[in-house]
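Some notes on the structure that comes next.
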Amino acid sequence: MTKRDVNENQANEQAGALASGASEVISPAELAAKIGLGRPLRIKLGMDPTAPDLHLGHSLTLKKLRDFQDAGHTVIFLVGDFTAMIGDPTGRSETRKPLSREQIERNAETYRAQAFKILDRERTEVRFNSEWMNELGVRRLIEIAAKVSVARLLERDDFEKRLEAEEPLFLHELLYPVIQGYDSVALEADLEIGGTDQKFNMLVGRELQRHFGQAPQAVMTMPLLEGLDGVRKMSKSYGNYVGLTDKPEDMYGKLMSAPDQLMVRYYELLTKATPEEIAAVKSGGLHPMEAKKRLARTIVAEYHDARAANRAEQYFESKFQRREIPASAQVYRIAEDLWICELMKQLQFTPSTSEARRLVSQGAVRVDGRTITDVNFRFVRGEHKVLEVGKRRVARIEP
């Protein structure tokens, strides 16, 4: 066996190990060839700062990036401050509202701080795509856009669906994947990692790199994590997320509210549980309540520490499992499901609907230990039991 054969075998082994847990790699041979170059690869992750919090859904990609860092490669954490002003149309049935410069800067600052809860700061290069996009000019943008056909862009599933439904599709939305793809050219990326919903945009990056004389980046897609509702992907805009910087008791309480059918999926994607442990969760050999508690403890300990996890569990058990709420807590009976803001007004916890909305959006409202951030949340009669607003306003709700 020649030295080259040994290197190729080693590269193939490394590529296979680093691809573990990915949904798809385009292509495994290209990734192995890049690893075989014997230099640190430049691995791109682009994130638009559309909300101030990263959540467990983001952690899947961030952990994969950390695997590459541990293998000696460099991660480029690209903050899409320019693209955030357009609004990513991925998965949208309507045009996304662009953010203001002030919102973008605020969110970008928290993104960076939160990403380093997982990424190695020493092997991370933080960049902003406004660095090159602000300097590009209209002429250059037209030259770049000329490399991608409209027919190619309309292959995107969400674009196609909107056209079929006769929903408006605006020119700036068609430019979004072109600009995201050009980011890979500007950064000379060897590999781009993102969720499965970003596959189209990442493939456009490969095409543009070829046009500009660069070796096309390999692409690795990671699974999308379902949110606490068990239906839609985890997202702050859906109010079904667990934030990486949530307080321990909030993180624990949210995970305890997840549907039982999500447990296997969460164990597989969010923990290092053994196949035997996952099989016990799947078969019911581990009681569903204990499975949730173990999952919640594991995740809280990962993002805080073991002591915080134990305190969060004790808080949950005392306050919600045993319903140990203050003796002075107001008892209120409802005859039907109620909008959370209306219930807060009826309890006189807030003087107005606008104040109730503000408290919900700020994360100051909890139902049965779970922080509620969706202003459209409805308190379900007979299912939900305890409403908390801030630290002192608590009510037990009965049918």
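For clarity, every value in this text was computed on a predicted model and none was experimentally measured.
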inquiry  = Ring of Phe159, cation from Arg156 - is the NZ or CZ under 6.0 Å from the centre and inside 45° of the axis?
reply    = yes
Distance only, no hydrogens: is a donor on one side chain within 3.5 Å (strictly under) of an acceptor on the other, for [X] and [Y]?
{"X": "Ser184", "Y": "Gln209", "value": "no"}
{"X": "Gln214", "Y": "Arg210", "value": "no"}
{"X": "Glu342", "Y": "Gln346", "value": "yes"}

note = So NZ of Lys293 and NE2 of His287: to nearest 0.5 Å the spacing works out to 10.0 Å
List the atom of [X], the atom of [Y], and the distance in Å for their closest heavy-atom pair.
{"X": "Val178", "Y": "Ala145", "result": "CG1-CA, 4.2 Å"}
{"X": "Met220", "Y": "Ala19", "result": "CE-CA, 3.8 Å"}
{"X": "Val365", "Y": "Leu387", "result": "CG1-CD1, 3.8 Å"}
{"X": "Pro177", "Y": "Leu153", "result": "CG-CD2, 3.8 Å"}
{"X": "Gly230", "Y": "Leu262", "result": "CA-CD1, 3.8 Å"}

Evaluate the side-chain proximity of [Y] to [X]: yes if any heavy-atom separation is below 4.5 Å, no if none is.
{"X": "Tyr182", "Y": "Asn129", "answer": "no"}
{"X": "Thr221", "Y": "Gln198", "answer": "no"}
{"X": "Phe349", "Y": "Leu359", "answer": "no"}
{"X": "Lys345", "Y": "Glu355", "answer": "no"}
{"X": "Asp368", "Y": "Arg370", "answer": "no"}
{"X": "Arg297", "Y": "Asn310", "answer": "yes"}

Other residues, nucleotides and ligands only: do more than 12 of their heavy atoms fall within 6.0 Å of [atom1] on [X]?
{"X": "Glu164", "atom1": "CD", "answer": "yes"}
{"X": "Lys117", "atom1": "NZ", "answer": "yes"}
{"X": "Gln362", "atom1": "CD", "answer": "yes"}
{"X": "Gln261", "atom1": "CD", "answer": "yes"}

Using a strict cut-off of less than 4.0 Å between a Lys/Arg side-chain nitrogen and an Asp/Glu carboxylate oxygen, indicate whether [X] and [Y] qualify as a salt bridge.
{"X": "Glu160", "Y": "Arg162", "result": "no"}
{"X": "Glu30", "Y": "Arg206", "result": "yes"}
{"X": "Lys385", "Y": "Glu398", "result": "no"}

Cluster link [X] to [Y], ILVMFWY, side chain under 4.5 Å:
{"X": "Leu154", "Y": "Leu203", "value": "no"}
{"X": "Val150", "Y": "Tyr176", "value": "yes"}
{"X": "Leu191", "Y": "Leu37", "value": "no"}
{"X": "Val360", "Y": "Leu347", "value": "yes"}

Sequence-distant partners of Arg42, salt bridge (charged side-chain N to carboxylate O under 4.0 Å, His left out), two or more places apart =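 Expected list: Glu125.
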inquiry  = Could you go through Asn7 and Gln10, starting from their C-alpha distance and side-chain angles, then the distance that decides it, and tell me whether this counts as side chain to side chain contact (heavy atoms under 4.5 Å, CB included)?
reply    = CA-CA 5 Å; Asn7 289 339; Gln10 290 174 341; 3.7 Å; yes
By side chain to side chain contact (heavy atoms under 4.5 Å, CB included), which residues pair with [X], not counting sequence neighbours?
{"X": "Gln69", "answer": "Arg66, Val75, Leu119, Asp120, Arg123, Thr124"}
{"X": "Ser361", "answer": "none"}
{"X": "Lys247", "answer": "Glu249, Asp250"}

From CA spacing to verdict: salt bridge (charged side-chain N to carboxylate O under 4.0 Å, His left out), Arg106, Glu109 = CA-CA 6 Å; Arg106 213 165 34 240; Glu109 187 59 37; over 6 Å; no
ask   = Hey, what's the ring geometry for Phe170 with His172, parallel, tilted or perpendicular (30° and 60° as the breaks)?
value = tilted
message = Angle between ring planes, His384 versus Phe377, binned at 30° and 60°: parallel, tilted or perpendicular?
response = tilted
key: side chain to side chain donor-acceptor pair (under 3.5 Å) assessment of Glu313 paired with Tyr252   = CA-CA 7 Å; Glu313 183 166 86; Tyr252 190 98; 2.7 Å; yes
inquiry  = Consider side-chain contact (heavy atoms from CB on, under 4.5 Å). Of Leu78, Val79, Asn107, Leu54, which one does Met47 pass it with?
reply    = Leu54
request  = Walk me through it: do Arg265 and Glu268 pass the test salt bridge (charged side-chain N to carboxylate O under 4.0 Å, His left out)?
outcome  = CA-CA 5 Å; Arg265 180 83 167 158; Glu268 289 175 340; 5.2 Å; no
I'd like a table of donor-acceptor pairs (distance under 3.5 Å, sequence neighbours excluded) in which one partner is a side-chain atom from residues 135-142, with atom names and distances.
residue, atom, partner, partner atom, Å
Arg140, NH1, Glu143, OE1, 3.3

task = Sort and list the pairs that fulfil salt bridge (Lys or Arg N to Asp or Glu O under 4.0 Å) and have at least one residue in residues 252-264, not counting sequence neighbours.
result = Asp246-Lys254, Asp260-Lys292
